[in-house]
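Single-structure report; data block below.
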Amino acid sequence: MSIIEPNPLLSAPSGALRVPKYPAKLTGGKDCILFSLIIPTYNERDNITNVVQVLTKLLDSSIYGDYELIVVDDDSPDGTWEVAASLMTSYPQLRVMRRVGERGLSQAVIRGWQVAKGRILGVIDGDLQHPPHVMLQLLRAVEEGADLAVGSRHVDGGGVSSWSVVRRFLSRGAQVLGLIILPGVLGRVSDPMSGYFMVQRDSIAEITLHPVGYKILLEIIGRGDIQEIVEVGYVFNERVEGESKVTWKQYIDYLRHLIRLRLTTGHLGRMNKRLNFPIGRFLRFGVVGFSGLGVDLTVFYILRQIFELGLTRSTILSAETAIINNFLWNDIWTFHDISSRQTGKGARLKRFLKFNVICLAGVILQALIVNLLYNVLKVNEYLAKLIAIAVVVLWNFWVNLKLSWRVTDVKK
Ligand code: GDD
Ligand code: MN
């Protein structure tokens, strides 16, 4: 038995998060419509009907027939996508995407834009915390030529209704931190954390985006081709239904996002591109190296003091423990993207053995360099040791990158 589905759900695009310059062919001979608004949702069952109704009313009154609403739901356990889908018969401009497998607010928004037909792309929270009427002001600003229009809590007419002192403090603290790390992006708007904005398709088309976490506006300003920005004040409403999804994880994501943008955009980004050196990976490798030093010294101390083992044995055992420690962290963190594609015990063991051999070779290399510098070139022995360590860290990183965590995607 087959059921005829009049309004099939949109399936989520896969691959790079890149918005096309032109939307896929439209029916009716038009190139595109004016406006596509994404409503990202996760467990917003009790809000979605209201949201769709209010937004439709507003948009019908100003740009009837020239817009679409796209709900992008990350397979909410409460079945938001189902409720949204049931609205499609009454709201023909509504489209619904159910994403299965991938999760995350920023990604959801971009996935929606990828299938959007509008010349102007926007986003609004699905919980009515963003006052809907502000949308028309934002839209007008972009129609009149701004590249980006942002709803802001920190300009005239803006605010938060009743946030606790702690939440205000955290929000402002995050902003100051961002200003320090990434002044070129955070300094351009008064409310860089806003999730309520519209942008010209042309300003972000064909650019691969790499957002982390919640704050997609940072990504748009950081990577987009954004000249003119307009801000419109709004008061962040209290939630009436459902609950916020913000946890401590969002703060970590935010920090990661800042650092990623710092390293890949602007001066530093251009320099890194020219050098073609995986700087982020190298920094992680360095952090792991430091943890290894701690492990090495601790185990050495325990073996000597508590087990009263000989010097050579203690040295070798503690060094090997550090190597195992470093391998595990590098495997699950530094090179996670690569190791996750080569799963299985055998593959991991192989990586570990290579890592081990390369690190041991590094120790020998270090001894050779110290000798060369000290005995032949007459360099001070501590300076010699320091230079040798620097060279060996680079050696360890580079050779492991090329051998242990090499990408071998030749499977059929
Ligand atoms: N698809 C999808 N996937 N939607 C999500 C996800 C997700 O993983 N996480 C949250 N959402 C949806 C929620 O359902 C809601 O519609 C919207 O994204 C915002 O989430 P909230 O959990 O309500 O966040 P908030 O109230 O703390 O708002 C903060 O973040 C917003 C988004 O960046 C504030 O900073 C807002 O100004 C900002 O707009
Ligand atoms: Mn909210």
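As the structure lists them, so they are numbered: ligands from 1, and atoms in each ligand from 1. Starting from 1, each residue takes its place in the sequence as its number.
Remark: minimum distance from atom 29 (C) of ligand 1 to any protein heavy atom is reached at Lys215 NZ, 3.9 Å. Among all non-hydrogen protein atoms, the one lying nearest atom 18 (O) of ligand 1 is Leu105 CD1, 3.3 Å. Distance from atom 15 (C) of ligand 1 to its nearest protein heavy atom, with residue and atom name: Glu44 OE2, 3.4 Å. Closest protein heavy atom to atom 8 (O) of ligand 1: Arg103 NH2, 2.9 Å. Of the protein's heavy atoms, Thr41 O, 3.3 Å lies nearest to atom 2 (C) of ligand 1. With hydrogens left out, the protein atom closest to atom 22 (O) of ligand 1 is Lys245 N, 2.6 Å, a heavy atom. At the shortest separation from atom 20 (O) of ligand 1 among protein heavy atoms lies Tyr214 OH, 3.5 Å. Protein heavy atom at the shortest distance from atom 16 (O) of ligand 1 is Gly126 N, 2.7 Å.
Every atom of ligand 1 with a heavy atom of Arg167 under 4.0 Å away is listed here by number and element: 27 (O). Those atoms of ligand 1 with a heavy atom of His130 less than 4.0 angstrom away are 36 (C), 37 (O), 38 (C), 39 (O). Interface atoms of ligand 1 facing Gln129, defined by a heavy-atom separation under 4.0 Å, are 23 (O), 26 (O). Taking every heavy atom of Gly104 and a limit of under 4.0 angstrom, the matching atoms of ligand 1 come to 3 (N), 7 (C), 8 (O). Set against the non-hydrogen atoms of Tyr234, the atoms of ligand 1 under 4.0 Å away are 37 (O).
Residues Ile323 and Cys359 come closest through the heavy atom pair CD1-CB, 3.9 Å. In terms of heavy atoms, Arg348 sits closest to Asp331 at NE-OD2, 3.0 Å.
In the candidate list Ile39, Leu217, Asp125, Thr247, Asp125 is nearest to atom 19 (C) of ligand 1, counting heavy atoms. With atom 3 (N) of ligand 1 as the reference point, the heavy atom nearest to it among Asp75, Asn47, Asp74 is part of Asp74.
Taking distance alone, with nitrogen or oxygen atoms compared against 3.5 Å, Val72 approaches ligand 1 more closely than that limit. Annotation: Ser194 places no N or O atom under 3.5 Å from an N or O atom of ligand 1; distance criterion only. Considering backbone and side-chain atoms alike, Phe236 places every N or O at 3.5 Å or more from each N or O of ligand 1.
Residue contacts with ligand 1 include Arg239, since one of its heavy atoms falls under 4.0 Å from the ligand.
No side-chain N or O of Arg140 forms a donor-acceptor pair with one of Ser62 less than 3.5 Å apart.
Looking at Asp127, its N, O or S atom nearest to the Mn ion (ligand 2) turns out to be OD2.
The distance from the Mn ion (ligand 2) to the nearest N/O/S atom of Ser244 is not under 2.8 Å. Distances from the Mn ion (ligand 2) show that Asp125 has no N/O/S atom below 2.8 Å.
Cation-pi geometry between Arg351 and Phe327 is not met at under 6.0 angstrom from the ring centre and within 45 degrees of the axis.
In this structure, Phe277 and Trp398 have parallel ring planes: the angle between them is below the 30° cut-off, well short of the 60° mark. Aromatic ring pairs are classed by plane angle as parallel below 30°, tilted from 30° to 60° and perpendicular above 60°; the pair Phe397 and Phe335 is parallel.
Residues His154 and Gln175 form a side-chain contact, since some pair of their non-hydrogen atoms from C-beta on lies under 4.5 Å apart. Looking only at side-chain heavy atoms (C-beta outward), Ser244 and Arg239 come within less than 4.5 Å of each other.
When heavy-atom distances to ligand 1 are checked against a 4.0 Å cut-off, Ala108 comes that close only through its side chain, counted from C-beta outward.
In summary, of the residues considered (Asn50, Asn47, Asp46), a side-chain contact (heavy atoms from CB on, under 4.5 Å) with Asp127 occurs for Asn47 alone.
Counting heavy-atom neighbours within 6.0 Å of Trp329 CH2, excluding the residue itself, gives a total of 12 or less. Crowding of Asp156 atom CG: a count of heavy atoms from other residues, nucleotides or ligands under 6.0 Å not exceeding 12.
Distance alone, capped at 3.5 Å, is enough to place a donor-acceptor pair between the Gln129 side chain and the Asn237 backbone. A donor-acceptor pair under 3.5 Å is formed between the side chain of Ser164 and the backbone N or O of Arg167. Between the side chain of Asp74 and the main chain of Gly104, a donor-acceptor pair closer than 3.5 Å is present.
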